[in-house]
There are 2 protein chains.
Amino acid sequence: MPADLHAASPEDGALWQHETAQRNGLRESKMRRPTLEAVATRAGVSKSTVSRVVNGQTTVASDIRDLVMRAVNDLGYVPNPAARSLVTRRTDSVAVIVSDPPAGLLSDDPMFSMVVRAASREFEAAGKQVMLMLAGSPESLLRTRQFVTAGHVDGVMLVSMHGADPLPAALAGTGVPVVSHGRPAVTAELPWVDNDNVGGATQAVRHLLDQGRRRIATISGPLDMTAAQDRLGAYRETLRETGRRSIVAIGDFTRISGAEAMAQLLEDDPALDAVFAANDLMAIGAMRALRQAGRRVPDDVAVVGYDDIEAALYTDPPLTTVRSPMADQAVASARLLLGMLEGGSTASVTLPTELVVRDSA
Amino acid sequence: MPADLHAASPEDGALWQHETAQRNGLRESKMRRPTLEAVATRAGVSKSTVSRVVNGQTTVASDIRDLVMRAVNDLGYVPNPAARSLVTRRTDSVAVIVSDPPAGLLSDDPMFSMVVRAASREFEAAGKQVMLMLAGSPESLLRTRQFVTAGHVDGVMLVSMHGADPLPAALAGTGVPVVSHGRPAVTAELPWVDNDNVGGATQAVRHLLDQGRRRIATISGPLDMTAAQDRLGAYRETLRETGRRSIVAIGDFTRISGAEAMAQLLEDDPALDAVFAANDLMAIGAMRALRQAGRRVPDDVAVVGYDDIEAALYTDPPLTTVRSPMADQAVASARLLLGMLEGGSTASVTLPTELVVRDSA
DNA sequence: CTGAAAGCGCTTACAG
DNA sequence: CTGAAAGCGCTTACAG
C-alpha cells in the first residue's frame, strides 16, 4: 500500500483506478478458465458426474443433468482439450499435409484451395479439427514426422502436389492412419483416392482423333507424379493404337510451363494440329503461346485440358477439358480417413472422369 | 491357449504366427510412446533433468546432457504435446480462421491459396502449428468461439473473405490475441493488416483518365467488405474531382459476377469506354462479357483489375491491374500476431499498392 | 445412478 | 547443477 495513501488526491485516485483496470485486464486474459471442478462445486455434484454430462453419457438422472447444464452455462465452461487428450489419447484432430514447393511455385493453384477446403469441411462436419501442414523442405519432413509421432493428430491426409514424395514412407511407421489424396509415387502401403487418370486422358485423345486431328502433341506434368505418368501413358497408348507417333513436351503443371512447352512443341513440329495438356493451367499457358505464335484455336490447333477448373470457362475460346472431380476426390479422401479412424475399410478408390466439350477442341 | 496346441501342425504354426503378427501390429499402433520417465530411467537421471535437456535449458552439465540425448535418440522419444500444454498453458499453435462462403462459392479463389500458404509458412517458421478453420455457418461461429475459448490455440489470424463478419466481435471477449487479415467491417478493437485500397483504386481510375477515357464504369465488390467500400469510394471520389459521374454495378468478387455486372453495365450505358473491376477475377469475367458483346479490349473498352493475380498475365490482352501485395499482407498479418504473442505491438499496418500497366488499358 | 481415487505425461518452484 | 514432489484438468475403472 502506498505510504502516502492518507494524502490521496482525486487525481491519485483516478490514476490508481486506471492501473487497477489495466491489471484486471491483464489478469483477465491470463485468468484460468473455469474447470470441471468449479462446475461440480457449483452444481453440488462430483466431477465424475459433470464429466459424464459434458460427454453426453445417458446414465445421468435428468434432474441432475439439468443442474449440471445450468452450472456449465452460468460459468461458461468449456473443457480443456489438452487435459482431455492426455487421458483419452485422442486429439479429435487430423493433419492435412500438403507438399509445398519452394519459392511460392504453384502458389495460386486452384487445386490447393479446392482440396483443402472440401476436405476441411468434411472433417469439421465430423467434429475433427484440421491442422494444416506445409511439407516442403527436408527439415519440414522431419518436423512433420515428429509431429505425427508425438500424437498431435489422430490421422493424416496427405496431399502430394509434386514429386516423389518421401512423406508416405516417412509416415508409414508411425502407427497413425494415413490416406493419400492421389496415388503416391512410391508404393507405400497406404490407401489413396484418385481419379481415373488413364480413362480421362484416353477420352481426351480419342476426342481429338474423332475431330480428325492427326498430329496430336501433349504437354505432360512432372514425371515423378503418378497423375502425370498415367495421363502421358494413356496419351501414348491411344496414339499407338491408331499408329500415330507421340509428340511430347514436359511441364510442371504451372501456366508458365505450359506456355514454354507449347513454344517448344511448335518448334519441334510446326505442323501439329492439336495438343492435350495434362492440366488446365498448362492448357491456359499453351493457349497464350499459340496466340503469340499466331495460331488460332481451334482452327489451327485444337486444345484439350484436364481438371475442368473454373478458369476453363473464361478462356478464349472456352476450354474443352476432362473433368476430374477434385472436390469429390478430396471429400472421398477425408471420408476414407474418417472411416479408418473408426476401424473401417482401407480400400483405395478411383473416381470416374468425364469429357467436357467446349470450343477449344 | 488353444486346447489343441499339443496337436499343432506346421500349418497351425503358420496361422498362429500370422495372428501374432497381426496382434503385434495392432498393439504397436496403440502402444504407448516412450515417456519422459522412460528416458530418465534409461539415462539414469531424474525426470526433471530430462525435461530440462529436452527443453534446451543450459543449466545441465554437458556430460549429463549427452547421456540424456542418447537415451532420447535410442528410444525415439517425442514429448507428448497434450501433457506439455496442460502445464504450460501454451499450445504452440495458432488458428487461421477463414470465412467460408456456403456452397463452394469462391472456392478456387487464388486469395485463399496465397494467403493461407504464405501465413502458414510464416507460422511454421516460428514453430507454431496452424489449425485451419472454416467459419461459414452460424453453428461454425459458435464452434469457433468455443474452440478458441477452450484454449486450443495461442492466437488467431482472421481472414474475412466475405461480408460483415460476426467473428471479430465474437472473438473479442476471449482474451486470446487476434489479428485480422484485411480491415474488418465492424470496427472491433483488433489490429489488422491491409493494403492501401483507396490509393490503389485511385491509381487505377487516374490511369484510365490519363488514357483519355471519359465514361468510366466500375464493378464493385460486395459492399459489406471494407476493401470493396474503399475501392468504390476512391473510384467515385476520383471521378467527382474531374466532374464525371459514376457508373456502378455490384459483383461479389467472383468471375461470373464480373461477367454479369459487365453485361448490366453495357446495358445501362452502351457508350462506356472503360471499366475498373475491384478485383482481377471480376475483370476476367468482364472481359468475357465484353467479348460476347463484340467489344474489343482495349480499343472499345479499357479494363483495369485489382490484385495482380497470376491469371492476369494470361488474359487476352494481358490485364492492366493494381498489384496488391497479397502474400506480403499475409506474412505481415502472421508477424503481427507472432509479435503480439510476445507482448509486442498491436499497431495495424497498411501496405502500398502499385499500378501494373499491361495491354488491357 | 453417483462418487472417491488413481492416473494420463509433462513442467516448475523448491530444496539441497 | 540435480532431484523429489506437487499439480495442470480431465476420464475411467471400481465400488457402492
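Throughout, a chain's letter reflects where its sequence line sits, starting with A, and its residues are numbered from 1. Reckoned from all heavy atoms, side chains included, excluding hydrogens, waters and symmetry mates.
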Exercise. Any side-chain N or O of A:Thr49 under 4.0 Å from OP1/OP2 of C:dG3?
Worked result: yes
Problem set entry | Charged tip of A:Arg117 within 45° of B:Phe112 ring normal and under 6.0 Å | yes
Exercise. Closer to the 5' end of DNA chain C via nearest nucleotide, is it B:Glu37 or A:Ser46?
Worked result: A:Ser46
Exercise. Is there a donor N/O on one and an acceptor N/O on the other, under 3.5 Å, for the side chain of B:Arg33 and the base of C:dG9?
Worked result: no
For this session: Taking only the side-chain nitrogens and oxygens of B:Thr59, find out if one of them lies under 4.0 Å from OP1 or OP2 of D:dC1.
Result: no
For this session: Tell whether B:Arg52 reaches the base of D:dG3 with its side chain through a donor-acceptor pair below 3.5 angstrom.
Result: yes
Exercise. Using Watson-Crick pairs (N1 to N3, plus N6-O4 or O6-N4) and G-U wobble pairs, both distances under 3.5 Å, which stems of at least 3 pairs involve DNA chain D?
Worked result: C:1-3 with D:14-16, C:5-12 with D:5-12, C:14-16 with D:1-3
Exercise. Do B:Leu132 and A:Ser120 touch side chain to side chain, with heavy atoms closer than 4.5 Å?
Worked result: yes
Exercise. Quick one: is C:dG9 close enough that its OP1 or OP2 comes under 4.0 Å of any side-chain N or O from A:Arg89?
Worked result: yes
Exercise. Closest to the A:Leu86 side chain: C:dT11, C:dG9, D:dC10?
Worked result: C:dG9
Exercise. Of all the nucleotides listed (C:dC8, C:dA4, C:dT11), which has the minimum atom distance to the side chain of B:Asn55?
Worked result: C:dT11
Problem set entry | B:Glu124 bridged to A:Arg143 by N-O distance under 4.0 Å | yes
For this session: Select base, sugar-phosphate, or nothing to describe what B:Ser48 touches, counting heavy atoms under 4.0 Å on all strands.
Result: base
